[in-house]
Structures are given as C-alpha cells and as structure tokens.
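Take a look at the structure set out below.
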Amino acid sequence: MNEKNKDVRVRFAPSPTGYLHIGSARTAFFNWLYAAKTGGKFILRIEDTDIARHQEETINLILKSLKWLGLNWDEGPEVSGKYGPYRQSLRVEIYKKYAHKLIEDNKAYRCFCSPDLLKEERKDKADKKNKTVEEKSFKYDRKCLKLSQKNIKDNLDSGKPYAIRFLVPENKTINYKDTVYGDITVNTASIEDFIIIRSNGLPTYNYSVAIDDALMKITHIIRGEDHLSNTPKQILIYNAFNFNVPDFTHLPMILGQDGQKLSKRHGSISIEKYIEEGFVREAILNYLALLGWSYDEKTTIFSTSELIKKFELSSINKKPARFDYNKLLWINGYYIRNMDNSHLKQLLEKQMRNYLASKNIKDLENGVKQLDKKIEKIIPLVKERIKTLKESINLISPFFIKISYSDELATYFKNKKINTIDILNRVYKAISEVSDKFYVKDIEKNLRLISERLNLSFRKVAEVIRIAIWNSTISPPLFETIEILGKELTLKRIKEYIRIIS
RNA sequence: GGCCUGUUCGUCUAGUGGUUAGGACAGUAGGUUUUCAACCUACCAACAGGAGUUCAAUUCUCCUACAGGCUACCA
C-alpha cells in the first residue's frame, strides 16, 4: 500500500434504508480522510438494489447528513463522474451482462429451485441431530448444476423463474490481507454457491458490490467489520473476471453502551439527531475518529485538518468500540468553549430563533431587535457553561422571555432566617442608583455594599437576587447578567418578586 | 451447527519479552468562586482464565471462556 498514491479511489456505499447512522458516518469519514490524505478520490455510491427495503426519501437524508459533516464526494449522485451511474438500481443491465458472461464461462449457473423449498430444506438440516458436518451442512446441494441442457431449455421455455448462482470453486484456499485484521484464510468448502442475480433480475450484495468496486476502479475498500466474512465471496467474483483485487480495511464495529450492536433502542443513532441535539460538526468528526483509531498516547482533540495529516489506516485497531455519549458531550463542550465568539454567535442565534419560532413566542421582554445585539454579550457568559448548542436555550431565553416564578422559588426563603424583602428593597435601590451607563463594575460595587452593610455574606445576597431576576438558583454570572438584562428589566423583576413573596 | 474475528482501568485507548502498565472521559475528594460551569490539584481504577516457550510474559504459541460478525433470491 502506497500512502502517496495519487490514484487512490475509495468509496462509501450506503444502503438507503434509513438515516445516516453513526457507524456509517464513521465509515464515510474514514474513507473521506484517506482520500483527503492521499489526494485520492472519494466516491459515493447508493446501494439500492433491495426494492422492498429502500426508501427514496432516505437517500436525500443521507446526502444531507454527509454534506453537513463536510464529507463531500468527488463522484456520485449530484456530481456524477465517469464511472457512473452511481446508483445500483440504474446499473442492473451491467450486472446481468456480467452474470451471463459467467454462465457462458461455466462459472455460474441458473437455479430454478423455489426459495420457499430451499428455506425448508435448510430448516430440516438444522433440526437434524446427525453428527457429520456434511449432513448438517446448510450449503446448497447444486441440484440445478446437474440439470441437463434439455432440462434447462425446457424450464426457460416454460418461463420458469430462475436465479443465477455463482459456481464456487471446490476446495480452494482464499487468502487476503486485511489492513486491520491481518491475514485471513478461508477455504471455499465453507462457501455455498451463492446467488448473484435474484429471480427478479436484481443482483445480490456480494456480487454487485464486487462488480461496482471493480468497474469504478476502487483501490481501497474501507468498511465495517461486518463485511469481513463477506470478503472471500467478493474475491471469488474478482477472480472470476480477472479483476484487480483492491486493498481491504475493515473497521471495528461500534456498539451501544451495553455492548450490543448499536440500534434504535440506544437512543440517538442518526447524525440528524445529533445535529438536532446541538452537536457541532468538528466535535462529531473528532469523536468518530477516536472510535477505532488513535494517534498517540495522549492526544484526544484533533481538528479535521490535523486528522487529515495524522490519520493512518495502519493505526486502526481491531476491538469493537462502545459508543460513549459522555465523551462525545465532553468533546462537544470543548469545541464550543474554544470556538470563536462570532462563529458561536451565529450558531446560538440560530438556535434561539428556531426555539422562539417553534414555541411561537412573540412577546420578548427585550424585543426581538435586541436579540442580535445582546446575544453577542451573552456568548462569553454561556460558552463555558454548555455542552451542546441546545442547552444554550435555558441560559439565554430568560434574557428575553418573561419569567414566571415557580412555587418552589416563590416560597424559597420562607423558612430561611434572612429578611428577603429588606434585601430586595436595598437591591432595588442600589440598582436604581447605578448610573444609566449601567457598567458591570458599578453594579458589582453597589451590590457588594449591601452585603457589607448587612454584615451578610455576599453569596446570601446573591442568591436572593438570582432567584428574583432569574427564577433559578443557578444563573450566568450575576453582575454581567444584570448588566445585559438592563436596569429597567432588572428592577421590574425585583419588584415582581417582592410582590410575590409579600 | 459451520466459518471468520476480537478480549489492557466502568468507557475510549497507549504501550513493551524486564515499565511505579501511560493518557482522556466518567467517578470521588479538595482548591478557586456570587450560583452553575470552566479551570487547577489529588485520588480511584485494567493486562479474561489456564497451559506452554523463556532467566523473565500483559507482550510470543496453544486451549478454554466470553463477545461480535457471516452463514438469505438483506446490505
């Protein structure tokens, strides 16, 4: 394998049966990274040969998620390329043509057996208590290989449906080297004559994938470990046509927190969901990169451009990785904290506007016009307090949306030994006396003075103020919060809280 | 059932024929502080089990256990 090879061609070949899954996203990303690193081409191919399962809309969802991640493709849907079409459903004639060539060469044959019957035979064999491997073998018995020319002709003439099976060479050893898993050796004795073209004329996976990868001149196949066992079959197809066999790199599986295969019951598994939850692009890519790959013994944060430089297929590991939502959260928080304010502002303002729209909230206490201006000042207060963009809503909305005190906070000071109303009156006065420029420094000075005068720790005073102006025992830093709220609104909330607890 | 693959702290991982087995997340304790975060410090915590090779094995070999994948006219 030559890393400097400019002719590298890799592909991501999703089956459009749902959203872009987190595991598929990693596969796509690793392919993309390898292409970026080597200056090769990243090809996108849609594997939609299973009519029953594929859904048209999901193709767009997948493309959308890939674009959001920034994994742009050089050839594929929407951009085309010289090895198209890039949808398997549009390549059916190609698969048929090659399959018939195999029949002519006696490397494949027509099978007229009924699928239902085969299924039953297989079941019988599984149930048998026979001891020999032969007797329990699930392999197809090659009934149709033994058919005479006349039989075949009669069947064809009568229009009997048939599938095409690949004639697997007997007792041959297939050997290949996987970048991650090393030398893999399989004997053809364990492989049955698998179907390559179904009776409905559509190809099966192991066949079409090999034909396409060969025809599209794919040089490196990077995909999930679930395909490791399929690889020998595909090599058989390559060999039957004398195609060049590409390099294989299988990626360890991604499991859920419980160690089971990642599925819907593990919560969010689609990229789309993560976008909704407020994860940022670079954080997701960074986390994905760490699932099955590592650079050294200490680095965990990698920008995408660093990944392009540092990524190596040879340092991918074999062990299946559990998806650790907590770590993703941490990485996301890290990216938010270190993001530049103007970029963060764009993202948060969008979040906020979407939120207001979704809740149909119109009467903002500070007015929508101020959202844009104020959010700029809010950013530094929230950026190290959120792990997702979505969480910012809780911290930002009280600046704009009228608060209504919860029962718990309305009675919060009832049994406490402090004179809440006295404190609030003093606060009201102190805030009123701050000059109209309303500097944080002045606000802080005046408020601290209250605790000094009352000989009360400032945290007690702060708690009272916090609940009054924020309806919560936690808030962004108090003085800055008051500054951004503005004199008028701060006083209004204090007055309101006094009224409620009086 | 057959075939293929894997197994280092709870999690992601680094690592080597001789190391106090390293880092990160999580957890715990403390510091800072107007709350919450962030930040800083410390602590907790792992080589699946058994044989063999070797002066020495977490590292090499074999077996067992466990886990995952494939075994479809799914991909």
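Order of the sequence lines fixes the chain letters, A, B, ..., with proteins taken first and strands second; residue numbering starts at 1 for each chain.
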> Quick one: is A:Asn187 getting a side-chain N or O under 4.0 Å of the B:C3 phosphate, OP1 or OP2?
Replying inline: no
> Ignoring hydrogens and angles, are the base of B:C12 and the side chain of A:Arg322 linked by a donor-acceptor pair under 3.5 Å?
Replying inline: no
Could you list, one pair per line, each protein nitrogen or oxygen that sits under 3.5 Å from a nitrogen or oxygen of nucleotides 25-32 of chain B, together with the distance?
none

>> Let's test this: given Watson-Crick or G-U wobble pairing with both distances under 3.5 Å, identify the partner of B:U59.
In response: none
> Touch check for A:Leu290, heavy atoms < 4.0 angstrom, all strands: base, sugar-phosphate only, or nothing?
Replying inline: sugar-phosphate
> Salt bridge between A:Glu483 and A:Lys377, side-chain N to carboxylate O under 4.0 Å?
Replying inline: yes
> When we call it a touch if two heavy atoms are under 4.0 Å apart, what does A:Phe194 touch: a base, just sugar-phosphate, or nothing?
Replying inline: nothing
> If only side-chain N and O atoms of A:Arg459 are considered, is one of them under 4.0 Å from the OP1 or OP2 phosphate oxygen of B:U35?
Replying inline: yes
> Excluding sequence neighbours, so at least two apart, what forms ring-ring contact (aromatic ring centres under 6.0 Å, His included) with A:Tyr181?
Replying inline: none
> Which is true for A:Ile184 with a 4.0 Å heavy-atom rule: it touches a base, it touches only sugar-phosphate, or it touches nothing?
Replying inline: sugar-phosphate
>> Regarding A:Pro252, tell me which of base, sugar-phosphate or nothing describes its non-hydrogen contacts under 4.0 Å with the strands shown.
In response: nothing
>> Using whole Å, what does the distance between atom P of nucleotide B:U11 and atom CG of A:Asp258 come to?
In response: 12 Å
> So does A:Lys319 get a side-chain nitrogen or oxygen closer than 4.0 Å to the phosphate oxygens (OP1/OP2) of B:C12?
Replying inline: yes
> Is A:Ser294 touching bases, backbone alone, or none of the nucleic acid, heavy atoms closer than 4.0 Å?
Replying inline: sugar-phosphate
>> Categorize A:Glu192 for me: base, sugar-phosphate, or nothing, with a 4.0 angstrom heavy-atom threshold over every strand shown.
In response: sugar-phosphate
> Which of these nucleotides, B:G6, B:U34, B:A75, is closest to any side-chain atom of A:Pro320?
Replying inline: B:G6
>> Can you see whether A:Trp470 engages A:Thr481 through a side-chain donor-acceptor pair at a distance of less than 3.5 angstrom?
In response: no
> Under 3.5 Å, is there an N or O donor on one side and an acceptor on the other linking the side chain of A:Ser229 and the base of B:G69?
Replying inline: yes
> Hey, does A:Thr185 reach any base, or is it just sugar-phosphate, or nothing, if we go heavy atoms under 4.0 Å?
Replying inline: sugar-phosphate
>> Measuring from atom CG of A:Asn286 to atom OG1 of A:Thr300, what distance do you get when rounded to the nearest 0.5 angstrom?
In response: 7.0 Å
>> Can you measure A:Ile316 atom CD1 to B:U13 atom C1' for me and round it to whole angstrom units?
In response: 14 Å
> For the side chain of A:Arg385, counting heavy atoms from C-beta on, which of B:C4, B:A75, B:C36 is nearest?
Replying inline: B:C36
> Given atom CG of A:Leu20 and atom C1' of B:A75, what is their separation to the nearest angstrom?
Replying inline: 15 Å
> Any donor-acceptor pair under 3.5 Å joining the side chain of A:Arg448 to the base of B:U34?
Replying inline: no
> Should B:G30 form a Watson-Crick or G-U wobble pair with both distances under 3.5 Å, which nucleotide is its partner?
Replying inline: B:C40
> Where the side chain of A:Glu225 is defined as all heavy atoms beyond and including C-beta, which of B:U35, B:C3, B:U5 is the nearest nucleotide?
Replying inline: B:U5
> Taking CD from A:Glu463 and P from B:U33, how many angstroms apart are they, rounded to a whole number?
Replying inline: 18 Å
> How long is the line joining CD of A:Glu444 and P of B:U33, in whole Å?
Replying inline: 13 Å
> Would you call A:Glu47 and A:Arg45 a salt bridge, using N to O less than 4.0 angstrom?
Replying inline: yes
>> Under a 3.5 Å cut-off for both contacts, is B:A72 paired Watson-Crick or G-U wobble with anything, and if yes, with which nucleotide?
In response: none
>> Considering every strand and a 4.0 Å limit on heavy-atom distances, what is the contact class for A:Pro476: base, sugar-phosphate, or nothing?
In response: base
> Once you round it to whole Å, what is the distance between P of B:C36 and CG of A:Asn471?
Replying inline: 17 Å
>> If I take atom CG in residue A:Leu291 and atom P in nucleotide B:A24, what distance separates them, rounded to the nearest angstrom?
In response: 19 Å
> Hey, are A:Arg87 and A:Glu56 close enough for a salt bridge, meaning a charged N less than 4.0 Å from a carboxylate O?
Replying inline: yes
> Rounded to the nearest Å, what distance is computed from the CZ atom of residue A:Arg223 to the P atom of nucleotide B:G68?
Replying inline: 22 Å
> Between A:Lys429 and A:Glu433, is the closest basic N to carboxylate O distance under 4.0 Å?
Replying inline: yes
>> Is it the case that B:A75 (base atoms only) and A:Asp226 (side chain only) share a donor and an acceptor within less than 3.5 Å, ignoring hydrogens and angles?
In response: no
>> With a 4.0 Å limit, can you tell me whether A:Gln260 has a side-chain N or O closer than that to the phosphate oxygens OP1/OP2 of B:G68?
In response: yes
